[in-house]
Amino acid sequence: GENVEQHPSTLSVQEGDSAVIKCTYSDSASNYFPWYKQELGKRPQLIIDIRSNVGEKKDQRIAVTLNKTAKHFSLHITETQPEDSAVYFCAASGYNFNKFYFGSGTKLNVKP
Amino acid sequence: SAVISQKPSRDICQRGTSLTIQCQVDSQVTMMFWYRQQPGQSLTLIATANQGSEATYESGFVIDKFPISRPNLTFSTLTVSNMSPEDSSIYLCSVGDPDRANYGYTFGSGTRLTVV
């Protein structure tokens with residue numbers, strides 16, 4: 001099955017700085033890559049996703065980049081705010097979106 | 001995205017008993033999955049719930065321990081059987097539909113299970 005690795009496990013930034021979280025995947029057939037934000041005690045919430053035919057996608061302060069050749073994708077958060085503090089998970093889909101494998105998570109702490 | 005109702009939200013159960021968790025979606029969805037998330041950990045896929053047929057289980061999970069039903073495109077149940085304290089975890093259903101243009105795989109609110 002797919003193996004998704006995520007780094008770093010924890011990330012601490014000053015408010016207003018940028019944060020970058022990186023993931024690699026093993027299955028070259030994976031074709032959909034969502035990112036989830038999970039606040040303490042809550043369900044994971046989809047914040048952005050990218051398909052394999054796109055190299056970059058942006059939504060306000062959040063962007064995701066994908067390098068299919070290298071099999072890695074990254075989440076970029078600009079102008080971080082304290083409310084961005086949470087655990088972020090990357091995921092990769094199997095063929096035909098039939099399942100998702102998650103990275104180990106990154107705990108982001110934005111210091112005011 | 002779909003609205004998911006998952007229940008119960010939490011339960012405390014005696015070892016050796018079973019608990020059935022329900023996941024109800026407000027619209028028909030192609031894909032339904034069940035995940036387990038232990039405290040401070042990532043999400044581990046238990047199985048894909050297939051409508052009208054047996055679920056597809058991931059390595060390390062078996063039907064006798066985690067029987068799953070999916071009688072239609074809006075409902076699924078996960079049973080945790082013959083529970084032990086090691087089964088204490090949060091169980092989440094997730095749904096999505098890759099055929100829709102702007103789909104997103106969303107999660108239920110989770111069931112926090114404690115086995116004593």
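First the proteins, then the strands, lettered A, B, ... as listed; each starts at 1. As the structure is a computational prediction, the values presented were derived from the model and not from experiment.
Heavy-atom contacts from other residues, nucleotides or ligands closer than 6.0 Å to CD of A:Gln14 number more than 12. The number of heavy atoms from other shown groups lying within 6.0 Å of CZ (B:Arg10) does not exceed 12.
Nearest heavy atom pair, residue B:Ile4 against residue A:Arg43, reads O-NH1, 4.3 Å.
Under the 4.5 Å side-chain contact rule for hydrophobic residues, B:Phe61 and A:Phe102 do not share a cluster. The cluster map of Ile, Leu, Val, Met, Phe, Trp and Tyr, joined by side-chain heavy atoms under 4.5 Å apart, puts B:Phe66 and B:Phe75 in different clusters. No path of Ile, Leu, Val, Met, Phe, Trp and Tyr side chains, each step under 4.5 Å between heavy atoms, connects B:Trp34 with B:Ile90, placing them in separate hydrophobic clusters. Clustering ILVMFWY residues whenever any of their side-chain heavy atoms sit less than 4.5 angstrom apart, transitively, puts B:Tyr91 in a cluster other than the one holding B:Val62. Hydrophobic cluster membership is shared by A:Val54 and A:Phe73, with clusters built from Ile, Leu, Val, Met, Phe, Trp and Tyr side chains linked at under 4.5 angstrom.
Contact annotation for B:Leu43: both backbone and side-chain heavy atoms come within less than 4.5 Å of a heavy atom of chain A. Of the atoms belonging to B:Gln41, it is backbone heavy atoms, and not side-chain ones, that fall under 4.5 Å from chain A. If you measure heavy-atom distances from A:Gln38 to chain B, the contacts under 4.5 Å come from the side chain alone. If you measure heavy-atom distances from A:Pro44 to chain B, the contacts under 4.5 Å come from both the backbone and the side chain. Proximity to chain A (any heavy atom under 4.5 Å) is restricted, for B:Thr48, to the side chain, taken from C-beta onward.
From A:Phe100, atom CZ reaches atom CE of B:Met31 across 8.0 Å, with rounding to the nearest 0.5 Å.
Between B:Tyr105 and A:Tyr32, the ring planes are tilted. Angles from 30° to 60° get that label.
Looking at B:Ser42, its side chain does come within 3.5 Å of a backbone N or O of A:Gly103 through a donor-acceptor pair.
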